[in-house]
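Each chain gets a letter, A, B and so on, in the order the sequences are listed, and its residues count up from 1. What's counted below: heavy atoms across the whole structure, side chains too, no hydrogens, waters or symmetry copies.
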Number of protein chains: 2
Amino acid sequence: MMQDFIHSLREHNLKATPQRLAISAALYQNGHMSIDALYEELIRKFDSLSLATIYKNIHIMIENSFIQEVKIPHAKSVYELTKESHSHLVCNSCGLIEDIAVDLAPYFKQHPLKTTFKIEKSELVLSGFCSHCQNS
Amino acid sequence: MMQDFIHSLREHNLKATPQRLAISAALYQNGHMSIDALYEELIRKFDSLSLATIYKNIHIMIENSFIQEVKIPHAKSVYELTKESHSHLVCNSCGLIEDIAVDLAPYFKQHPLKTTFKIEKSELVLSGFCSHCQNS
DNA sequence: CTGGGTGCAAAGTATTTGCATGAAC
DNA sequence: GTTCATGCAAATACTTTGCACCCAG
């Protein structure tokens with residue numbers, strides 16, 4: 001497992017430091033995490049961890065496409081490991097975020113949008129209530 | 001025109017102050033503006049305008065559904081007057097933002113979502129290059 | 001009038017930067 | 001050994017708050 005992260009980090013031109021491995025593992029386990037959540041989790045492993053290290057790593061990992069930022073309506077951004085294109089479900093009650101396999105790119109290819117823009121990417125965020133919050 | 005904004009503000013339980021009218025007019029003219037852009041534009045009319053006033057108004061206007069925040073990938077949030085549901089096009093080169101009417105219903109008919117979430121809203125942001133930036 | 005909005009200054013929070021040390025490769 | 005990451009402290013940027021005064025309704 002950790003071996004995979006070491007290789008993956010290096011493939012993205014990132015040195016495999018313990019802090020970066022911990023970020024990778026945390027995102028892998030939790031799916032989506034805010035800066036704060038990451039810090040809270042990692043500080044338990046590295047008692048001298050600096051928030052600046054989190055910020056610096058988040059930035060360089062985004063630049064090198066190792067992770068991606070997801071902007072959530074009415075909430076803080078979260079970060080996730082880069083994977084195949086997908087969309088997000090957000091629970092307005094408990095904040096749960098899930099991936100969902102919606103890739104609109106092929107659809108837009110079949111049904112071109114009326115615009116002069118040359119579209120490269122699409123970001124879709126669906127919000128509502130998760131199964132738990134619907135029943136409580 | 002200003003009359004319309006006065007009525008619209010009041011319908012949203014907002015007193016029609018000169019500052020709020022100016023925010024309304026600026027958003028109407030420019031479509032989408034960041035906090036900074038709004039401040040830069042309004043300070044020309046109100047030499048003693050406070051940034052705090054912008055922030056306070058943006059918040060209460062969002063709460064009262066008079067405006068909405070749009071989170072843009074890799075950029076600051078912008079704000080727009082509330083109107084019928086629509087999506088956004090963002091130019092990765094010049095930052096231009098345009099509204100676009102995208103109806104995802106046919107897509108979801110073909111590809112029903114597999115989720116236990118009860119979905120209430122969707123936010124779609126398409127990014128790429130506007131016609132001008134494609135040719136330069 | 002009266003409630004609520006404004007500007008200002010201060011406080012609070014979030015993010016970035018510079019630098020000396022230390023670790024990855 | 002060389003390059004680059006880390007932690008710390010300081011700086012900067014962003015946003016919120018409290019309060020006295022003022023304006024919209």
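A:Leu9 has its CG atom 15 Å from the C1' atom of C:dA23, to the nearest Å. Atom pair B:Gln19:CD and C:dC8:P shows a separation of 11 Å (rounding to whole Å applied). Rounded to whole Å, the distance from CG on A:Asn13 to P on C:dC25 is 12 Å. If you measure from atom CD1 of B:Ile23 to atom C1' of C:dT6, you get 12 Å, rounded to the nearest angstrom.
Nearest to the side chain of B:Asn57, among C:dG5, C:dT6, C:dA23, sits C:dT6.
Among A:Glu123, A:Glu98, A:Glu80, the single residue meeting the side chain to side chain donor-acceptor pair (under 3.5 Å) criterion with A:His88 is A:Glu80.
Judged by atom type and distance alone, A:Lys56 reaches the base of C:dG18 through a side-chain donor-acceptor pair under 3.5 Å.
Where DNA chain D meets chain B (any atom under 4.0 Å from a heavy atom), the bounding nucleotides read 5' to 3' are D:dC14 to D:dG25.
Atom OG in A:Ser87 sits 4.0 Å away from atom CG in A:Leu124 (nearest 0.5 Å). Note that CD1 of A:Ile6 and CZ of A:Arg10 are 6.0 Å apart. Values are rounded to the nearest 0.5 Å.
If you check the side chains of B:Asn92 and B:His74, you find no donor sitting under 3.5 Å from an acceptor.
Linking Ile, Leu, Val, Met, Phe, Trp and Tyr whenever their side-chain heavy atoms come within less than 4.5 Å leaves B:Met33 and B:Ile97 in two separate clusters.
At most 12 non-hydrogen atoms from other residues, nucleotides or ligands lie less than 6.0 angstrom from NZ of A:Lys114. Atom NE2 of A:His132 sits in a sparse spot, with 12 or fewer heavy atoms from other residues, nucleotides or ligands closer than 6.0 Å.
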Check: protein-nucleotides 11-16 of chain C nitrogen or oxygen pairs below 3.5 Å:
{"unit_1": "C:dT15", "atom_1": "OP2", "unit_2": "A:Tyr55", "atom_2": "OH", "d": "2.3"}
{"unit_1": "C:dT15", "atom_1": "O5'", "unit_2": "A:Tyr55", "atom_2": "OH", "d": "3.3"}
{"unit_1": "C:dT16", "atom_1": "OP2", "unit_2": "A:His59", "atom_2": "ND1", "d": "3.4"}
{"unit_1": "C:dT16", "atom_1": "OP2", "unit_2": "A:His59", "atom_2": "NE2", "d": "3.3"}

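Residue whose closest nucleotide on DNA chain D sits further toward the 5' end, between A:Thr53 and B:Leu14: A:Thr53. Two residues, A:Pro18 and B:Thr17, neighbour DNA chain C, and the one matched to the more 5' nucleotide by heavy-atom proximity is B:Thr17.
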Test side-chain hydrogen bond (donor to acceptor under 3.5 Å, both in side chains) applied to A:Thr53 and A:Gln19, step by step: CA-CA 8 Å; A:Thr53 298; A:Gln19 291 82 345; over 6 Å; no
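Counting any heavy atom pair closer than 4.0 Å across all strands shown, A:Ser48 reaches sugar-phosphate atoms only and no base atom.
At least one donor-acceptor pair under 3.5 Å links the side chain of B:Arg20 to the backbone N or O of B:Lys15.
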